[in-house]
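Below: the structure, in structure tokens.
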Amino acid sequence: MAENNGVKSRRDQQLERLRKKYPDKKFEDDEEIYGQISDDYDQYEHDLDGYKGREKAMSDMFAADPRSAQFLADMHNGNDPYVGLVKNFGMEIQDVLDNPEMQEKLAEANKEYVERVAKSKQLDEEYEKNMDTTLETLRQFQEERGMTDDQIDDVANAIIGVVRDGVMGKFSRETLELFVNAINHDSDVANAGEEGRVAGRNDKIVEGLRKRDKGDGTAPLNGKNGSAPNHHKKEQSIFDLANEAM
């Protein structure tokens with residue numbers, strides 16, 4: 001059945017969505033297209049399971065004590081949480097706070113709160129400090145490579161994506177291949193350097209042997225042409241030539 005003029009097929013619509021979501025990929029064959037769709041669907045199911053789990057936990061909490069739902073709703077609407085406690089749990093909340101048996105638990109809860117706030121502040125300060133250094137590093141890197149703002153933004157966004165996936169425990173094949181290629185690149189460069197050094201030494205050895213066989217235009221000092229043989233000079237082996245080439 002022919003497609004209407006100006007109306008994209010479902011396949012073209014899906015390709016457009018994929019290319020917009022993953023601008024670094026071309027999606028020119030079915031294997032890549034359906035592979036990415038499968039990965040996205042797996043991630044969707046994983047996220048959906050997480051949402052369902054959290055929703056069930058909230059539903060169970062609200063079912064166990066409906067007052068908690070109203071309390072959270074009041075906070076969401078901007079009402080004073082302390083007033084909300086009294087509104088939903090009554091003035092007996094004060095009795096709980098004054099109960100000597102609860103003092104130790106309340107003190108421990110307050111300690112955890114203070115430590116969490118302090119840790120959060122420390123992390124915020126460290127983040128700001130590191131970000132200043134990172135931005136300067138990105139600026140220098142951009143200048144050295146002659147990159148545009150869009151190009152350096154793409155690099156930064158790609159790194160952030162990898163970090164975000166790592167925090168979520170997600171390691172895609174693309175990420176694994178990225179780091180494998182990076183590690184192999186360093187190894188390949190080192191191997192190429194060593195191979196080049198060895199090849200250079202071998203070339204010197206071969207050139208030395210060629211000159212020895214061909215001669216350099218001077219009379220040989222091996223007793224010919226009336227010259228006495230030099231019994232004190234040891235014939236150079238290939239290993240001697242190799243040492244001289246180093």
For this session: Carefully, step by step, assess Asp12 and Ser9 under the rule side-chain contact (heavy atoms from CB on, under 4.5 Å).
Result: CA-CA 5 Å; Asp12 289 340; Ser9 66; 3.3 Å; yes
For this session: Compare all side-chain heavy atoms of Leu18 with those of Ile37 and state whether any distance is below 4.5 angstrom.
Result: yes
For this session: Look only at the side chain of Ser59 and the backbone of Glu55, and say whether a donor-acceptor pair between them is shorter than 3.5 Å.
Result: yes
Seminar exercise, completed: residues 132-146 vs side-chain hydrogen bond (donor to acceptor under 3.5 Å, both in side chains), sequence neighbours excluded, gives Glu136-Arg139, Glu136-Gln140, Arg139-Glu143, Gln142-Asp149
For this session: Working to the nearest 0.5 Å, report the span between CG of Leu48 and CD of Gln43.
Result: 11.5 Å
For this session: Please assess Thr148 against Gln151 for the test side-chain contact (heavy atoms from CB on, under 4.5 Å), listing each intermediate value before the final yes or no.
Result: CA-CA 5 Å; Thr148 65; Gln151 289 174 328; 3.2 Å; yes
Exercise. Do Phe171 and Val162 come close enough that some side-chain heavy atom pair is under 4.5 Å?
Worked result: no
Problem set entry | Reported CG-to-NZ distance for the pair Asp124 and Lys121, which is rounded to 0.5 angstrom | 10.0 Å
Problem set entry | Shortest non-hydrogen separation from Ile33 to Leu15 and the atoms involved | CD1-CD2, 3.4 Å
Exercise. With distance as the sole test, does Asn77 use its side chain to make a donor-acceptor pair with the main-chain N or O of Ala73 at under 3.5 Å?
Worked result: yes
Exercise. Is Val155 linked to Val163 within one hydrophobic cluster, defined over Ile, Leu, Val, Met, Phe, Trp and Tyr using a side-chain heavy-atom separation of less than 4.5 Å?
Worked result: yes
Exercise. Atom CE in Met75, atom OH in Tyr82: separation rounded to 0.5 Å?
Worked result: 9.0 Å
For this session: Please tell me if the side chains of His76 and Leu72 come closer than 4.5 Å, counting only heavy atoms from C-beta onward.
Result: no
Exercise. Roughly how far, to the nearest 0.5 Å, is the CZ atom of Phe89 from the OG atom of Ser68?
Worked result: 6.0 Å
For this session: Consider only side-chain heavy atoms of I, L, V, M, F, W and Y, link residues closer than 4.5 Å, and tell whether Leu138 and Ile159 are in one cluster.
Result: yes
For this session: Consider only side-chain heavy atoms of I, L, V, M, F, W and Y, link residues closer than 4.5 Å, and tell whether Val114 and Val117 are in one cluster.
Result: yes
Exercise. Is there a donor-acceptor contact under 3.5 Å from the side chain of Asn110 to the main chain of Leu106?
Worked result: no
Problem set entry | side-chain hydrogen bond (donor to acceptor under 3.5 Å, both in side chains) pairs, two or more places apart, involving residues 19-40 | Arg11-Asp30, Tyr22-Gln36, Tyr22-Asp40, Lys25-Gln36, Lys25-Glu174, Gln36-Asp40
For this session: Start with the C-alpha gap between Lys87 and Phe71, add the side-chain angles, then the distance that decides, and say whether side-chain contact (heavy atoms from CB on, under 4.5 Å) holds.
Result: CA-CA 8 Å; Lys87 174 184 175 182; Phe71 172 70; over 6 Å; no
Problem set entry | Donor + acceptor pair across side chains of Asn99, Gln103 (<3.5 Å) | no
For this session: Identify the residue among Gln14, Glu16, Gln13 that makes a side-chain hydrogen bond (donor to acceptor under 3.5 Å, both in side chains) with Lys8.
Result: Glu16
